[in-house]
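Just so it is clear, the values below take in all heavy atoms, side chains as well, and ignore hydrogens, waters and symmetry mates.
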Amino acid sequence: TMAFDGESAWWTNPQSGAAEEMPADQAEEIIRLARGNDIILNPDKHGITYEMKEKETLEGKEYYVLEQSFPDGFKMTMYIDAQTYLPYKSVSKQIQMGVEVEAEAFLSDWKKVEGIMTAHTNKIYQNGEEVMTMAFTEVKYNTGIEDSLFKMD
């Protein structure tokens, strides 16, 4: 289990099985992810800037390239499909277990859910090696999940 309750990031330590606050380097990434689309919709609120780079062609398709910069120095490069305007790929440097890795995420299998285009497959690579594939069979928005579920016990 990994969660961010709005104040602190925590996890179930895989070695001890106990819930504890996450190490700072891992917490930063979880907090960025937890902020979700608010980062894109309200960048000023989070101190985030964007820089448009030159278009790139990947696998025969054109992509807009945006560099997203956070106040703490973290940067992520996003590749946006020039025809659909949907995110396809993101690239960033991350610290995993004290080691810097190049992380790539690929979003695909886009479907409309409650009027929102939603990726149903996410593949994650670290240093070019696939480490995870998440495939969603169902996505629901605003289901009334209580905030207390994200608090560390």
Side-chain angles (χ1 to χ4, degrees), residues 1-50 52 58-59 61-72 74-97 101-126 129-153:
T1 302
M2 291 187 277
F4 174 64
D5 65 9
E7 295 176 20
S8 64
W10 62 274
W11 69 337
T12 302
N13 186 318
Q15 294 176 339
S16 69
E20 57 188 49
E21 286 200 33
M22 260 185 204
D25 60 341
Q26 292 176 332
E28 288 173 3
E29 178 62 18
I30 294 299
I31 292 167
R32 272 193 284 277
L33 291 171
R35 290 186 176 137
N37 288 336
D38 196 47
I39 287 174
I40 295 168
L41 298 172
N42 300 296
D44 292 341
K45 173 179 158 184
H46 301 284
I48 295 166
T49 59
Y50 290 89
M52 180 74 98
L58 304 172
E59 300 167 6
K61 289 184 78 175
E62 266 198 335
Y63 293 90
Y64 294 109
V65 181
L66 290 174
E67 185 176 78
Q68 185 181 49
S69 298
F70 289 72
D72 64 2
F74 177 81
K75 292 181 186 247
M76 179 169 32
T77 303
M78 301 183 313
Y79 296 79
I80 311 297
D81 187 308
Q83 291 181 339
T84 66
Y85 300 102
L86 295 171
Y88 167 67
K89 173 183 174 181
S90 65
V91 179
S92 62
K93 300 276 188 212
Q94 298 177 358
I95 304 296
Q96 298 289 325
M97 306 294 235
V101 297
E102 181 177 88
E104 296 177 290
F106 292 85
L107 300 173
S108 62
D109 192 20
W110 289 90
K111 298 175 188 171
K112 196 172 272 193
V113 177
E114 297 180 30
I116 301 167
M117 291 301 290
T118 306
H120 282 65
T121 302
N122 186 354
K123 289 188 178 196
I124 310 291
Y125 293 79
Q126 290 180 350
E129 185 177 322
E130 185 175 343
V131 295
M132 181 181 354
T133 297
M134 293 182 286
F136 302 95
T137 56
E138 183 179 26
V139 175
K140 293 182 181 183
Y141 290 107
N142 302 318
T143 60
I145 293 176
E146 294 294 324
D147 288 347
S148 63
L149 289 173
F150 299 94
K151 292 279 184 200
M152 185 171 65
D153 291 332

Undergrad: Have Gln94 and Ser92 got a donor and an acceptor in their side chains that come within less than 3.5 Å?
TA: yes

Undergrad: Find out whether Trp11 and Ile30 are in side-chain contact, i.e. whether some heavy atom of one side chain is under 4.5 Å from a heavy atom of the other.
TA: no

Undergrad: Got a sec, which pairs hit salt bridge (Lys or Arg N to Asp or Glu O under 4.0 Å) with one end in residues 2-17, sequence neighbours left out?
TA: Asp5-Lys151

Undergrad: Give, for atom CG of Asp81 and atom CD of Glu62, the distance between the pair rounded to the nearest 0.5 Å.
TA: 10.0 Å

Undergrad: Would you indicate whether the side-chain heavy atoms of Phe150 and Ile145 approach each other to under 4.5 Å?
TA: yes

Undergrad: Please report the closest heavy-atom contact between Gln68 and Tyr50, naming both atoms and the distance.
TA: NE2-OH, 2.8 Å

Undergrad: Taking all heavy atoms of Ala27 and all of Ala9, pick out the closest pair and write down the distance.
TA: CB-CB, 3.7 Å

Undergrad: Specify the closest pair of heavy atoms between Ala105 and Ile124, including all atoms of both residues, with the distance to one decimal.
TA: CB-CD1, 3.7 Å

Undergrad: Rounded to the nearest 0.5 Å, how far apart are CD of Glu20 and OG1 of Thr12?
TA: 9.0 Å

Undergrad: Given side chains that start at C-beta, do those of Ser8 and Glu21 come closer than 4.5 Å, heavy atoms only?
TA: yes

Undergrad: With a 4.5 Å cut-off on side-chain heavy atoms, are Leu33 and Met2 touching?
TA: no

Undergrad: Mind running side chain to side chain contact (heavy atoms under 4.5 Å, CB included) on Lys93 and Glu102 for me, showing each step along the way?
TA: CA-CA 5 Å; Lys93 300 276 188 212; Glu102 181 177 88; 3.6 Å; yes

Undergrad: Rounded to the nearest 0.5 Å, what's the gap from CD on Glu146 to OG1 on Thr143? Could you check?
TA: 10.0 Å

Undergrad: Do Met52 and Leu66 come close enough that some side-chain heavy atom pair is under 4.5 Å?
TA: yes

Undergrad: On a heavy-atom basis, which atom in Thr118 and which in Ile116 lie closest, and how many Å separate them?
TA: OG1-O, 3.0 Å

Undergrad: Grab the two heavy atoms, one from Trp10 and one from Met22, that are nearest each other, plus how far apart they are.
TA: O-CE, 3.5 Å

Undergrad: Students often mix this up, so state it plainly: with edges at 30° and 60°, are the rings of Tyr79 and Tyr63 parallel, tilted or perpendicular?
TA: perpendicular

Undergrad: Any chance you could measure Phe136, atom CZ, to Thr121, atom OG1, to the nearest 0.5 Å?
TA: 8.5 Å

Undergrad: Can you find a heavy atom in the side chain of Val139 that is under 4.5 Å from one in the side chain of Lys111?
TA: no

Undergrad: Grab the two heavy atoms, one from Pro71 and one from Ile48, that are nearest each other, plus how far apart they are.
TA: CD-CG1, 4.5 Å

Undergrad: So, do Thr84 and Met117 sit near enough that their side-chain heavy atoms are less than 4.5 Å apart?
TA: no

Undergrad: So for atom CG, which belongs to Asp147, do other residues, nucleotides or ligands contribute more than 12 heavy atoms lying within a distance under 6.0 Å?
TA: no

Undergrad: Are Ile39 and Phe70 close enough that some pair of their side-chain heavy atoms sits under 4.5 Å apart?
TA: yes

Undergrad: Rounded to the nearest 0.5 Å, how far does OG1 of Thr1 lie from CE of Met152?
TA: 12.5 Å

Undergrad: So does Glu114 have more than 12 non-hydrogen atoms from other groups sitting under 6.0 Å from CD?
TA: yes

Undergrad: Once the angle between the rings of Tyr64 and Tyr85 is folded into 0 to 90°, is it parallel (under 30°), tilted (30 to 60°) or perpendicular (over 60°)?
TA: parallel

